[in-house]
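Structure first, commentary second.
When reading the values below, keep in mind they use all heavy atoms of this one structure, side chains included, and skip hydrogens, waters and symmetry mates. Proteins get letters first, then strands, A, B, ... in listed order; numbering begins at 1 in each.
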Amino acid sequence: MGCYLRPTELSEALEALAAPGDGALEIIAGGTDFYPARVGRAPDERVLDITALAGLRGIREADDHYLIGALATWSELMRAPLPPCFDGLKEAAREVGGVQIQNAGTICGNICNASPAADGVPGLLTLEAGVEIASRSGQRTLPLAEFILGNRRTRLGPGELVTGLRVPKPAPGARSAFLKLGTRAYLVISIVMVAALVEPTHDGKVARARLAVGACSPVALRLAELEAALAGRPLDKRLGAVVEARHLAALAPIDDIRGAADYRLDAARTLVARALSRLGAELGERA
Amino acid sequence: MSEAPETIAFTVNGRPVRVGSRPLARLADVLREELGLIGTKVGCNAGDCGACTVLLDGEQVCACLVALGQVAGRSVLTVEGLARNGAFSSLQRAFHRHGAAQCGICSPGMLMAATELLSRRPRPSEKEVLDALGGVLCRCTGYRKIVHAVLDAAPGAPAATSRPASRTAWTILR
């Protein structure tokens, strides 16, 4: 038999999660993954609705990091005054579903659902985000790359609730990009997505590059070999030429209704090169 | 702990309503089946088509994805709320003028998405219209007349016609 809890204090939510009684509690925020998974049936689970937890709202700046609250929506992220290193994540927000989804869906819900095509994951990986997790017994922070284990599986344990995403401030001048390939401009699940973030040196070269590709493996992956190859390269529109097929070897795309595996690899390589060339040109103009 | 109350009260189209508490009921179903407001259509129940778009506190959402328990104390605007005293809104008149509906199943969703846009951008660009309406699918019209109607909806806006639109604006729909 289902029940529905909508606490107003985080402590109440954590108490309910710690002692769920007749079974595990399903967490709901924007509902943009909850309801699509239940088409054709009335939800009868035991549900914890976290949307009344005011402390989880908002996007805040601290000394050395930003905190994206668990209830921050894609639309709120787009409107938030954030430095250019967040431009890629804002572009991802702009391309999730349509405006209706962006107004309701949360970034933290996106990573907890952990679809291989989760739009927020590549950008958050390049931002080296940490997942803040609370339970009745305390708090912990996990790097996002460790939090997501695979297709719709995360390290969130019984009694735990994601309270936010912590993004360390990158070096000044860092810029980011995000490219999504789909069959339409809106309301589309990615065939391939790419997030890139580049930190420049003072003399127009790559100090650090971070690249992540999504929808081509059970969880989005950083391209470590390519990142290493980019260090020290000049920042200009030819930066994408550094990309070779072997840099994408860690990806394991599948054949599905949206695309064949070899198409995904080819498209991923094109998008990675395109993102890098765009950032190279943008940063090169400022050198 | 805030337990679910026995009824949930909110406003719809400016009028207070109170429905029996089924907190996980989809707002789209509550509007249609309990309140008789069948202008809001259900296409997919999965947030993939936008036919059920309503405004919740002025922002467009898919009513099929909104839990009734989250609506308490808030205001909902549906397509039935656009006309005032029997008179169509300027947006509805523009839809009529441009022939922006064929089967009409997407029209409520399109009208609600456009209403939100026009409430904050009375004279949007074509790109802004496409972005605002991108979450509502139409299988009949090819979108052109809908977009022209929205561009022509503001009182005093330059009249849009059905000649081919700019190449760049339409490329992104392919």
Side-chain angles (χ1 to χ4, degrees), chain A residues 2-9 11-16 19 26 28-53 71 73-76 78-79 94-105 109 182-189, chain B residues 1-5 8 21-29 42 44-74 109 112-114 116-117 127-128 130-137 143 169-174:
Chain A
C3 81
Y4 174 86
L5 304 171
R6 189 163 185 256
T8 54
E9 296 291 332
S11 55
E12 300 173 51
L14 297 177
E15 276 299 320
E26 191 88 21
I28 186 175
T32 59
D33 286 316
F34 179 89
Y35 281 106
R38 289 158 179 81
V39 174
R41 68 175 179 87
D44 58 0
E45 292 92 334
R46 308 182 74 251
V47 167
L48 177 71
D49 186 324
I50 61 169
T51 56
L53 298 175
L71 293 178
T73 64
W74 300 105
S75 292
E76 285 163 4
M78 280 191 277
R79 290 191 291 260
R94 198 169 287 118
E95 297 182 323
V96 170
V99 177
Q100 302 91 325
I101 302 296
Q102 295 158 24
N103 285 340
T183 51
R184 274 191 300 260
Y186 312 99
L187 286 177
V188 91
I189 294 175
Chain B
M1 172 76 73
S2 320
E3 302 285 351
I8 293 176
S21 172
R22 288 183 298 130
L24 288 175
R26 299 170 189 254
L27 177 61
D29 294 338
V42 173
C44 69
N45 258 339
D48 282 333
C49 75
C52 66
T53 302
V54 299
L55 300 193
L56 180 59
D57 291 340
E59 292 197 324
Q60 53 164 321
V61 292
C62 289
C64 72
L65 303 180
V66 177
L68 180 62
Q70 295 179 356
V71 182
R74 300 172 75 182
M112 299 319 297
E116 187 220 41
L117 171 69
K127 172 77 162 66
E128 287 170 327
L130 291 171
D131 282 347
L133 270 51
V136 186
L137 295 180
Y143 300 98
W170 291 101
T171 306
I172 69 173
L173 282 183
R174 284 196 281 105

Original post:
What part of A:V39 lies closer than 4.5 angstrom to a heavy atom of chain B: side chain, backbone, both or neither?
Top reply: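 Both backbone and side chain of A:V39 come within 4.5 Å of chain B.
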Original post:
Heavy-atom distance under 4.5 Å to chain B: side chain of A:T32, backbone, both or neither?
Top reply: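 For A:T32, heavy atoms of backbone and side chain both lie under 4.5 Å from chain B.
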**OP:** Return the set of residues passing salt bridge (Lys or Arg N to Asp or Glu O under 4.0 Å) with A:R38 (not counting sequence neighbours), or none when no residue passes.
**Re:**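 Salt bridge (Lys or Arg N to Asp or Glu O under 4.0 Å) check on A:R38 returns A:E26, A:E45.
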Original post:
When rounded to the nearest 0.5 angstrom, what is the spacing between CG in B:L65 and CG in A:D33?
Top reply: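 If I round to the nearest 0.5 Å, the distance is 9.5 Å.
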**OP:** Start with the C-alpha distance between A:Y35 and B:N45, add both sets of side-chain angles, then the distance that settles side chain to side chain donor-acceptor pair (under 3.5 Å), and finish with yes or no.
**Re:** CA-CA 7 Å; A:Y35 281 106; B:N45 258 339; over 6 Å; no
Original post:
Looking only at heavy atoms, which two atoms of B:V61 and B:L56 are closest? And how far apart?
Top reply: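 For B:V61 versus B:L56, the nearest heavy atoms are CG2-CB, 3.8 Å.
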Original post:
Can you name the side chain to side chain contact (heavy atoms under 4.5 Å, CB included) partners of B:L55, sequence neighbours left out?
Top reply: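 Side chain to side chain contact (heavy atoms under 4.5 Å, CB included) list for B:L55, sorted by chain: B:Q60, B:L77, B:M112, B:T115, B:E116.
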Subject >> Between A:P36, A:P43, A:S75, the one whose heavy-atom pairs under 4.5 Å with chain B are most numerous >> reply: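 Between A:P36, A:P43, A:S75, the count favours A:P36.
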Original post:
What residue in A:G98, A:A37, A:G31, A:A52 has the most heavy-atom pairs under 4.5 Å with chain B?
Top reply: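 Most heavy-atom pairs within the cutoff with chain B belong to A:G31.
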**OP:** With a 4.5 angstrom heavy-atom cut-off, could you sort out which part of B:V66 is near chain A: side chain, backbone, both or neither?
**Re:**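 Backbone of B:V66 only, per the 4.5 Å heavy-atom cut-off to chain A.
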**OP:** Could you tell me which portion of B:A67 (side chain, backbone, both or neither) has an atom closer than 4.5 angstrom to a non-hydrogen atom of chain A?
**Re:**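 The answer is both parts of B:A67.
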